[in-house]
There are 2 protein chains.
Amino acid sequence: MIELDTMDRAILRALVADATQSASALGRKLGLSQPATWRRIRRLEEAGVITGRRLELDAEKLGFGVTVFLGVKLATKGRVSLEDFERAISAIPEVQTVEHILGVFDYRLRVVARDITDFERILRRRIMMLPGVGDVEANVLLSEERRPGPIG
Amino acid sequence: MIELDTMDRAILRALVADATQSASALGRKLGLSQPATWRRIRRLEEAGVITGRRLELDAEKLGFGVTVFLGVKLATKGRVSLEDFERAISAIPEVQTVEHILGVFDYRLRVVARDITDFERILRRRIMMLPGVGDVEANVLLSEERRPGPIG
DNA sequence: ATTGAAATGTAGGGGAT
DNA sequence: ATCCCCTACATTTCAAT
């Protein structure tokens, strides 16, 4: 575990708000030189606090107008079942996120489809064919808001 | 809706895989000049296909070891209820994502907490106090995998 | 007071936009 | 042409001795 001081947190907060700004622009805001800012960012990356920079795409503009969250219960839950399921699901490109969870369901999947017809095809021919799938619950995404979340 | 050709899709695929690479490096891979690559990227941004670049943080390294997905049903679902709920939830910093959904639940929330004790506090004093909250379902995140998702 | 570690600043080259 | 990333090197700060 790494120690984060006030300046590190300020940098993280600023970059979460706008990941495109340069180290020099950020340094000016925080009263720090460009190399000092850059070195702190790199240290945060090396420490694994910053895990990456991700491109955000508009799924609708790409022709995927439907996003569905699926809760999945496995019928049988041995170690092999989990591995089989995870291996099989990696072959479905429409699955954007696989979350292994504990609670009412075993997995949560974020699935995109061109439209509802396309989604039915994915659900019936792909999701339902996954090994060990038991109960499935679906929720259609209407809108989504991402918040910065707590830093320190 | 914008028309995307094969090159646009190749650019998007490459940038989704690695959002840090420069336009020139990307152009070399795709057999395109650097300015041509850069103009295409900017065009994709202006068209709203690329909506932004987001910093990915490791919540655990920030001291938030627990992530929970909450499904929320509202007790009353008029227009005012939705607005009240969304306004109230924006005051809870531990809520990272608010998804308005259609199906078994009305909202899905991604919530981070320092530990289970901290989560209980957030659940009882914050989430359960939200206006109009009915049924709540919880799933604890064990692990998560993000996949590139389909482009074309 | 002195030393050593850590972080900062200035300056400059190389590359990208 | 401008801006940014990145390294090198000298300087400062601060804690511990």
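Numbered from 1 within each chain, the chains take letters A, B, ... in sequence-line order. Heavy atoms only: backbone and side chains are in, while hydrogens, waters and symmetry mates are out.
Ion pairing between a basic and an acidic side chain is recognised when a charged N comes within 4.0 Å of a carboxylate O; A:Arg110 and B:Glu144 show no such pairing.
Here A:Arg39 lies in heavy-atom contact (under 4.0 Å) with a base. Residue contacts for B:Ala25: at a heavy-atom cut-off of 4.0 Å it reaches no nucleic acid atom on any strand shown. Heavy atoms of B:Pro35 sit nowhere under 4.0 angstrom from any nucleic acid atom.
Summary of the strand contacts: B:Ala23 and A:Arg43 both lie near DNA chain C, and taking for each the nucleotide with the nearest heavy atom, the more 5' one is attributed to A:Arg43.
Looking only at distances, no side-chain donor or acceptor of B:Arg147 sits under 3.5 Å from a matching main-chain atom of A:Pro93. When atom types are taken as modelled, the side chain of B:Thr51 and the backbone of A:Glu56 share a donor-acceptor pair closer than 3.5 angstrom. A donor-acceptor pair is defined here as one N or O able to donate and one able to accept, closer than 3.5 Å; no such pair exists between the side chain of B:Arg108 and the backbone of B:Thr97. The closest donor-acceptor contact from the side chain of A:Glu145 to the backbone of B:Ser90 lies at 3.5 Å or more, if one exists at all.
Counting atom types as modelled, A:Gln34 pairs no side-chain N or O with a base atom of D:dC3 as donor and acceptor under 3.5 Å.
Nucleotide D:dC5 holds its C1' atom 12 Å from the CD atom of A:Glu45, rounded to whole Å. Between B:Trp38 atom CH2 and D:dC4 atom P there is a gap of 13 Å when expressed in whole angstrom units. Atom pair A:Ile41:CD1 and D:dT7:P shows a separation of 14 Å (rounding to whole Å applied).
Bounding nucleotides for the chain B contact on DNA chain C, 5' to 3', at a heavy-atom distance below 4.0 Å, are C:dA16 to C:dT17.
Partner A:Leu70 forms a side chain to side chain contact (heavy atoms under 4.5 Å, CB included) with one of A:Ile127, A:Val133, A:Asn139, A:Val95 and no other, that one being A:Ile127.
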